[in-house]
Enquirer: 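I'd like to ask you about the structure that follows.
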Amino acid sequence: MLDSVTHSIFLPNTMGCEPLMSWTELFGTAEDYYPTVDHQTGSDLFWPSIHPEYWSKENVCDWLQFCCDQYKLDANCISFSHFNINGLQLCSMSQEEFVDAAGICGEYLYCFSNQIKKKSYNLFYFILACLRAGGIKSQECHSHGRTSLQSSHLWEFVRDLLLSPEENCGILEWEDREQGIFRVVKSEALAKMWGQRKKNDRMTYEKLSRALRYYYKTGILERVDRRLVYKFGKNAHGWQENKL
DNA sequence: ACCTTTTTTCCTGATT
DNA sequence: AAATCAGGAAAAAAGG
């Protein structure tokens, strides 16, 4: 039910970004659903609970992740590096800049960012409710203080690591940026990090690489005959420098 | 409850 | 010799 409704926010009429009016109409007040929502819990700053202008980079990431998840935006058309910014910067982005950074998704993101800038506490509450209903996922994302987007698949994890120098710390390295060829520099570290992500402390590079080999079949990766070297295949997206 | 896809685990054997 | 690569098989986890 949430899905159908929320979709209608984003996939409707043209480019126009008219404000969302009907939250209470649709859902009742947020309090009806989450009477105990506390929008300034001690430890973690939930991004929905603070005005976007005050968001940290992490908050922006979480917001982006939320949008992708909740509105089924294709993360592949989003240039993550463009969103390595804080809330103030996010708020000052024009529609053109959103489109630059995220193609067609940028229009929706622009739309949504406008909504949250506007004020609409009901909207904040609604988002918070979605996050909580969606369970641990987004919260974990927070508690681990991740600065990159969570992605469920191994190849996306690898890709995002490749794309975020901060977290990468020399674990992966581009061999040929244009062709999507990369090398695993620290195999054990990679396995450990993937294990962390999956909450599996028994992960090893042996096992991780088995999973990577399965990608050859699906065209996510292509075989490179060098040890510890892989190449993104035609079915992998979002790794190119100038994507869209 | 069921089904599909992805990932994990384990293994045998080859290669570097 | 120690890592890595190759996949088959099967089980578990995830997602729908």
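Because the structure is predicted, anything quoted here is derived from the model rather than measured.
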Enquirer: Given atom OH of A/Y215 and atom C1' of B/dT5, what is their separation to the nearest angstrom?
Expert: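 Going from A/Y215 (OH) to B/dT5 (C1'), I get 11 Å.
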Enquirer: Give me the distances for all protein-to-nucleotides 8-10 of chain B N/O pairs that come in under 3.5 Å?
Expert:
from  : atom 1 : to     : atom 2 : distance (Å)
B/dT8 : OP1    : A/W194 : NE1    : 3.0
B/dT8 : OP1    : A/K198 : NZ     : 3.1
B/dT8 : OP2    : A/W194 : NE1    : 2.9
B/dT9 : OP1    : A/N200 : ND2    : 3.2
B/dT9 : OP1    : A/R202 : NE     : 3.2
B/dT9 : OP1    : A/R202 : NH2    : 2.8
B/dT9 : OP2    : A/N200 : ND2    : 3.1
B/dT9 : OP2    : A/K207 : NZ     : 2.9
B/dT9 : O5'    : A/K207 : NZ     : 3.4

Enquirer: Quick one: do the A/T204 and A/E206 side chains pair a donor with an acceptor below 3.5 Å?
Expert: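 A/E206 and A/T204 do not have a side-chain donor-acceptor pair below 3.5 Å.
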Enquirer: Below the 4.0 Å mark, does C/dC5 have OP1 or OP2 next to a side-chain nitrogen or oxygen of A/Y216?
Expert: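 No, no such contact exists.
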Enquirer: A/R197 has an atom CZ; how far is it from atom P of C/dA13, in whole Å?
Expert: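 From A/R197 CZ to C/dA13 P: 19 Å.
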Enquirer: Using distance alone, with no hydrogens and no angle criterion, decide if A/S81 and A/N84 have a side-chain donor and acceptor under 3.5 Å apart.
Expert: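 A/N84 and A/S81 do not have a side-chain donor-acceptor pair below 3.5 Å.
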Enquirer: Is there a side-chain polar atom (N or O) of A/Y230 under 4.0 Å from OP1 or OP2 of C/dC5?
Expert: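 So the side-chain polar atoms of A/Y230 do come within 4.0 Å of the phosphate oxygens OP1 or OP2 of C/dC5, strictly under.
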Enquirer: Can you tell me how far P of B/dT12 sits from CZ of A/R213, to the nearest Å?
Expert: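 The answer, rounded to whole Å, is 15 Å.
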Enquirer: Does A/S94 offer a backbone N or O that forms a donor-acceptor pair with the side chain of A/E97 under 3.5 Å?
Expert: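 Yes, the answer is positive, given that a donor and an acceptor are paired below the 3.5 Å cut-off.
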Enquirer: A/F157 CZ to C/dA14 P: how many Å, rounded?
Expert: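 The distance from CZ of A/F157 to P of C/dA14 comes to 16 Å, rounded to the nearest Å.
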Enquirer: Cation-pi between A/R213 and A/Y215: NZ/CZ under 6.0 Å from ring centre and within 45° of the ring axis?
Expert: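 The answer is no; the distance or angle limit is not met.
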Enquirer: In whole angstrom, what separates A/L221's CG from B/dT6's P?
Expert: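 The distance from CG of A/L221 to P of B/dT6 comes to 12 Å, rounded to the nearest Å.
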Enquirer: Would you please confirm or rule out a distance under 4.0 Å between OP1 or OP2 of B/dT5 and any side-chain N or O of A/T218?
Expert: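 Checking A/T218 against B/dT5: no side-chain N or O falls below 4.0 Å of OP1 or OP2.
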Enquirer: Let me know the distance between CZ of A/R227 and P of B/dA14, rounded to the nearest Å.
Expert: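 Atom CZ in A/R227 sits about 15 Å away from atom P in B/dA14.
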Enquirer: With DNA chain C as reference, determine whether A/S209 or A/K217 sits nearer its 5' end, using the nearest nucleotide of each.
Expert: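 Nearest-nucleotide comparison on DNA chain C picks A/S209.
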Enquirer: Regarding A/E175 and A/R226, does a basic nitrogen lie under 4.0 Å from an acidic carboxylate oxygen?
Expert: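 Looking at A/R226 together with A/E175, the answer is yes, because their closest N to O distance falls below 4.0 Å.
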Enquirer: Do side-chain atoms of A/K234 reach the backbone of A/L221 as a donor and acceptor pair under 3.5 angstrom?
Expert: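 Side chain of A/K234 to backbone of A/L221: no pair is present.
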Enquirer: Assuming nearest nucleotide by heavy-atom distance, tell me which of A/R223 and A/E188 is located more 5' along DNA chain C.
Expert: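 Its nucleotide being nearer the 5' end, the pick is A/E188.
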Enquirer: Is it the case that A/R177 places NZ or CZ above or below the six-membered ring of A/W174, under 6.0 angstrom from the centre and within 45 degrees of the axis?
Expert: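 Positive - A/R177 is close enough to the ring of A/W174 and near enough to its axis.
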